[in-house]
Amino acid sequence: MQQFLQKRVLHLDFERGEIFAKVEGEEGAPTGFEGRLLEALRFGTATMFWPVMQETCHDGKIVLELSRHRSSPRGGMIAPPVGRDASGEDFYRLLSCYYVYSCATTDSDAVDPAAPLSKKLAGLYTIKDVWIDSVALLVSVALEATLGESDFKTIGQPDPAFLKQVDAILASVKNTEGVEEDLTKRAIGALGGLKSSRAIDKLYFLRSIGAISQTEASSWKSLRDRAAHGSLRIKPKELQKLIDQIYSTVSAIYKIAFIQIGYKGGHTVYSKHGWPMEVFDGLHYKNAIQAANSPAGQVGPTQPTQAPGPYLADTSIAALDATSAALPCSPSQPGSAPQSPGW
């Protein structure tokens, strides 16, 4: 799979609302690559749009698909991970990383093939004309869903000493006399959750390695607890605080996604007022998580799991050959001046 991916470079051209993608290399495009590209574009723009006409040429076979117009929810509440203050280079690097991730994780035999993250985040792109209570619930649930991705399943686990104490409590409950069996089973079931990592435990771990901020972790917890249990009450003087918590949670969602897809580059930080641009090293945190999950549990250098190529190139900005386009998902040189957006 990696050798196959290394031989392809996908060039993009945007003009008049049209997207032209051409794969260069011996192996050609993978089956269903147009769907993976659409997923990357949706993630990069936070817009759930659909093509009206789609023409695909693969192995000498041309397929033309026409679809009825479906208006995209432009102007929705959720902003894209890389805002318009970013460079075009960051935008196309983000598309590259997501495209590679989607190609590597999509089950082509599924009824509705798409990458796991695409299915979990798609609902955020359509948020519009709903109560802010619903926005809070959707955003908090989406973050919890992203933490179910493979990279995060084993982080935040309780330590052995804690697990030993939980086992002692469970044994005491099980051996308690004079209690109905059904009630004992319910108590053991409720306490059994202490042996697994919760979403907040995973967020605290990510905070401990510097992947997310305390503000982002606490904002999600506050939103989730109130929205999920129907206790979210909005007072006019607290509206701005609620909006800040929603966008802080969105910021955490994007950072978790960056780790999953191995993105290293600029992004918009929605957890800070003014929404500044900062560089996020998803590969660094991905490796830190792998090291923490290793038997030794020591954080050290590990090999990135980000699959190589095919990388996307913006041919509307500059004509790039296959060699110069096939670069890792890493940011531009430190200290370089930001470029104007190319999208």
Side-chain angles (χ1 to χ4, degrees), residues 38-50 68-84 94 98 111-112 114-149 152 193 198-204 206-207 212-261 267-275:
L38 184 60
E39 291 176 47
L41 289 169
R42 286 170 173 169
F43 177 76
T45 61
T47 303
M48 195 66 179
F49 58 84
W50 300 267
R68 65 181 178 85
H69 172 70
R70 288 186 284 181
S71 61
S72 60
R74 294 188 179 277
M77 186 170 181
I78 304 304
V82 176
R84 290 189 175 273
L94 180 64
Y98 200 92
V111 176
D112 187 14
L117 271 178
S118 298
K119 295 180 179 180
K120 294 171 181 177
L121 299 181
L124 298 182
Y125 310 149
T126 59
I127 295 180
K128 187 177 180 182
D129 300 330
V130 296
W131 298 108
I132 197 167
D133 311 55
S134 301
V135 176
L137 179 60
L138 290 171
V139 168
S140 59
V141 170
L143 184 142
E144 197 162 359
T146 60
L147 289 173
E149 289 291 286
F152 313 105
R198 304 164 299 167
I200 190 60
D201 297 323
K202 296 179 181 182
L203 289 179
Y204 285 156
L206 293 175
R207 184 201 61 186
I212 66 172
S213 68
Q214 174 61 38
T215 297
E216 290 162 347
S218 58
S219 292
W220 172 82
K221 189 174 189 329
S222 176
L223 276 186
R224 195 268 181 192
D225 290 347
R226 293 182 295 159
H229 298 290
S231 59
L232 182 62
R233 299 292 182 268
I234 305 171
K235 298 179 181 179
K237 63 180 181 180
E238 297 179 353
L239 178 59
Q240 184 60 54
K241 180 181 178 181
L242 177 61
I243 293 175
D244 290 344
Q245 289 178 334
I246 289 174
Y247 274 100
S248 293
T249 303
V250 170
S251 186
I253 290 173
Y254 283 146
K255 289 180 179 179
I256 293 169
F258 294 159
I259 295 172
Q260 185 68 21
I261 68 177
H267 75 110
T268 305
V269 184
Y270 295 110
S271 56
K272 297 181 180 180
H273 286 174
W275 294 358

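Scope of the values below: all heavy atoms of this structure, side chains included, with no hydrogens, waters or symmetry mates. Keep in mind that what you see is a predicted model, and the values were worked out from it rather than measured.
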Spell out, as yes or no, whether a donor-acceptor pair under 3.5 Å connects the side chain of [X] to the backbone of [Y].
X: Trp275; Y: Thr268; answer: no
X: Tyr254; Y: Tyr270; answer: no
X: Ser218; Y: Thr215; answer: yes
X: Lys120; Y: Ala145; answer: yes
X: Ser134; Y: Ile132; answer: no
X: Ser251; Y: Tyr247; answer: no
X: Lys221; Y: Ile200; answer: no
X: Arg226; Y: Ser222; answer: yes

Would you sort out whether Gln260 and Leu117 count as a side-chain contact (heavy atoms from CB on, under 4.5 Å), showing the intermediate values?
-> CA-CA 9 Å; Gln260 185 68 21; Leu117 271 178; 3.9 Å; yes

How many angstroms lie between atom [atom1] of [X] and atom [atom2] of [Y], to the nearest 0.5 angstrom?
X: Leu138; Y: Ile127; atom1: CG; atom2: CD1; result: 5.0 Å
X: Ile243; Y: Ser248; atom1: CD1; atom2: OG; result: 11.5 Å
X: Trp131; Y: Leu137; atom1: CH2; atom2: CG; result: 15.5 Å
X: Leu121; Y: Thr146; atom1: CG; atom2: OG1; result: 6.5 Å
X: Tyr125; Y: Ile78; atom1: OH; atom2: CD1; result: 10.0 Å
X: Gln214; Y: Leu203; atom1: CD; atom2: CG; result: 10.0 Å

Specify the closest pair of heavy atoms between [X] and [Y], including all atoms of both residues, with the distance to one decimal.
X: Phe43; Y: Pro81; answer: O-CD, 3.2 Å
X: Glu144; Y: Ala199; answer: CG-CB, 3.9 Å
X: Lys202; Y: Leu147; answer: NZ-O, 3.3 Å
X: His273; Y: Asp244; answer: NE2-OD2, 3.1 Å

List the steps, then state whether side-chain contact (heavy atoms from CB on, under 4.5 Å) holds for Val139 with Leu143.
-> CA-CA 6 Å; Val139 168; Leu143 184 142; 5.9 Å; no

Using distance alone, with no hydrogens and no angle criterion, decide if Tyr98 and Ser118 have a side-chain donor and acceptor under 3.5 Å apart.
->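 Distance-only check passes for Tyr98 and Ser118.
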
Side chain to side chain donor-acceptor pair (under 3.5 Å) with Ser213: which residues, sequence neighbours excluded?
->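 Ser213 satisfies side chain to side chain donor-acceptor pair (under 3.5 Å) with Glu216 once adjacent residues are dropped.
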
Under 6.0 Å from the NZ atom of Lys241, do we count more than 12 heavy atoms belonging to anything else shown?
->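 Not more than 12 within 6.0 Å, no.
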
pair Ile253-Leu124: side-chain heavy atoms closer than 4.5 Å |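 Answer yes - side chains close enough.
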
With a 4.5 Å heavy-atom cut-off, do Leu94 and His267 have their side chains touching?
->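 They are not in side-chain contact.
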
Going through the checks in order, is the side-chain contact (heavy atoms from CB on, under 4.5 Å) test met by Asp201 and Arg198?
-> CA-CA 5 Å; Asp201 297 323; Arg198 304 164 299 167; 2.9 Å; yes

